[in-house]
2 protein chains.
Amino acid sequence: MAKQVMKSSSRKEEGLRERKRRETLHRIAEQGLKLFLTRGYDATTLDAIAEAAGISRRTFFYYFKSKEEILLAWQDGGFSETLRAAVLEQTTKQSPLDAARNGLLELTARFPVDYKQTKVIERLMSANESLRIRQQAKYVEKEAAVFAALSQMWPQPHRQAALRVVAMMSVGALRLAMDSWNRDQGKRPLAVYVKEAFACLNREIGAGASRKAAGRSGE
Amino acid sequence: MAKQVMKSSSRKEEGLRERKRRETLHRIAEQGLKLFLTRGYDATTLDAIAEAAGISRRTFFYYFKSKEEILLAWQDGGFSETLRAAVLEQTTKQSPLDAARNGLLELTARFPVDYKQTKVIERLMSANESLRIRQQAKYVEKEAAVFAALSQMWPQPHRQAALRVVAMMSVGALRLAMDSWNRDQGKRPLAVYVKEAFACLNREIGAGASRKAAGRSGE
DNA sequence: TTGCAAAATTACACTAAGTGCAATACGTCG
DNA sequence: CGACGTATTGCACTTAGTGTAATTTTGCAA
């Protein structure tokens, strides 16, 4: 009863309203996932989810923009933001590619992703066309996040194109790493695959003794 | 009036049925695009498209799996297949990356993509969330096509991981090239941007004097 | 406590994509 | 012609998602 002095300007107190909101959000996500796992994604209607979560169908859309978002929220809890921060923490003494690589590596090493948790989502997503596609789109977001970080670290305009390439390669490596990780059923920690992918990347570029333009198609 | 002798057994004669089918398909795509351009994608209903194409709504789904497919058909007319073929035509004397690069380069150089044509589709696609996402997914297809070609050229199992990386980088380069091309309003031919992207790629890897693992996080 | 404003929740009605089904029209070929 | 398979259609139905307006809940201050 003594805290109402600072009212809305207090920064970290979240209040009852926000707590309820978070609870409801979580309940929807929880029940949604549960239903997806038992009945399958397509066979689960929003009506069913709403009922299981104890809300009306209309209210669902107050919390999620679409049915797909339930799974996306599970799969990718603001990873792009974290990624951006991880890259930004790197020193600019190294090359942009190394900065991206090490940021990615530290992130995956520090928060070892639980395979069993991931696998469940993975299975659901890969069984559905539009979900698979949405999943891919998330990598574009990640790429943008990495590029944003790199661009902040090396703001020179003439470097931007190169940084885009670096972001593309880094996130591409992450994607391939996750593919391998999934193919291996999560045998080894994700970070290992990331490291491998980057090593492979370095190897493949230097290789072939093709410094300038190889083949025909000269300019 | 004298050509109906050879009927169906002749390999390339397509007959009335097939011709009608192709015509209808084209008519739907044509009218669909026209309506999208005038009224906008979302505001154009399938009823409107069907009516404009002189078919029933139900018949539309006999030709296209979804509304989105109309635009996808315009944008990407079996490009993945062509890409795969172009890479396969390359010699295995060069490195996989160079093979992918040169295949891509020859393809974009030989069939110079008309910017004005592309731009129209581009604008429509980028104005719509789900279309943008579907567009991204097309790159995954392309990546698979390049990988398939490379994998056929270098079938050794221990190389597959590297080939995936190469496919990822190559198609990534293509994507960035198309982005630049769009950003530049198609000033220079697409092939130029592709070449630049690959050059950038080579440059960024060698750079930084970071041969092995830079930064901390080393093993 | 009361009252007010904003946020949350809901009901209702509506649009539009996409599917299943069964009937009908049409092209192909014997 | 006549039969077979493909194309076309109408109809009914499901479901995601939106607009709107009414209603309830919550935060806060007088």
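Below, chains carry the letters A, B, ... as their sequence lines are ordered, and counting in each starts from 1.
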What are the atom names and distances for every N/O pair under 3.5 Å that joins the protein to nucleotides 5-9 of chain C?
residue, atom, partner, partner atom, Å
C:dA6, N3, A:R17, NH2, 3.2
C:dA7, O4', A:R17, NH2, 3.3
C:dA8, OP2, A:Y62, OH, 2.1
C:dA8, O5', A:Y62, OH, 3.2
C:dT9, OP1, A:Y63, OH, 3.4
C:dT9, OP2, A:Y63, OH, 2.5

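Residues satisfying the side chain to side chain donor-acceptor pair (under 3.5 Å) test with B:R21, not counting sequence neighbours, are none. With sequence neighbours excluded, the residues that form a side chain to side chain donor-acceptor pair (under 3.5 Å) with B:R27 are B:T24. Not counting sequence neighbours, A:D179 has no partner by the side chain to side chain donor-acceptor pair (under 3.5 Å) test. Contacts of B:R123 classified as salt bridge (Lys or Arg N to Asp or Glu O under 4.0 Å), with partners at least two apart in sequence or in another chain: none. With sequence neighbours excluded, the residues satisfying side chain to side chain donor-acceptor pair (under 3.5 Å) with A:T59 are A:S56.
Residue pairs satisfying the side-chain hydrogen bond (donor to acceptor under 3.5 Å, both in side chains) criterion with at least one member in residues 153-178 of chain A, sequence neighbours excluded, are listed as follows: A:S151-A:Q160, A:R175-B:E143. Residue pairs that meet the side-chain hydrogen bond (donor to acceptor under 3.5 Å, both in side chains) test with at least one member in residues 70-87 of chain B, sequence neighbours left out, are B:D76-B:K142, B:R84-B:Q152. Annotation: side-chain hydrogen bond (donor to acceptor under 3.5 Å, both in side chains) contacts involving residues 40-53 of chain B, sequence neighbours excluded, comprise B:D42-B:N128.
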Letter per nucleotide, 5' to 3', of nucleotides 14-21 of chain D [B base touched, S only sugar-phosphate touched, - untouched; heavy atoms, 4.0 Å]: -SBBBBB-

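One can place CD of B:E23 at 12 Å from P of C:dG27, the figure rounded to the nearest angstrom.
The shortest distance between side-chain heavy atoms of A:E30 and A:K34 does not fall below 4.5 Å.
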Pairs of donor and acceptor atoms involving the side chains of residues 183-190 of chain A, under 3.5 Å and at least two apart or interchain, shall be tabulated with distances.
residue, atom, partner, partner atom, Å
A:D184, OD2, A:Y193, OH, 2.7
A:R188, NH1, A:E196, OE2, 3.1
A:R188, NH2, A:E196, OE2, 3.3

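Using a 4.0 Å cut-off on heavy atoms, none of the residues of residues 120-135 of chain A approach DNA chain C.
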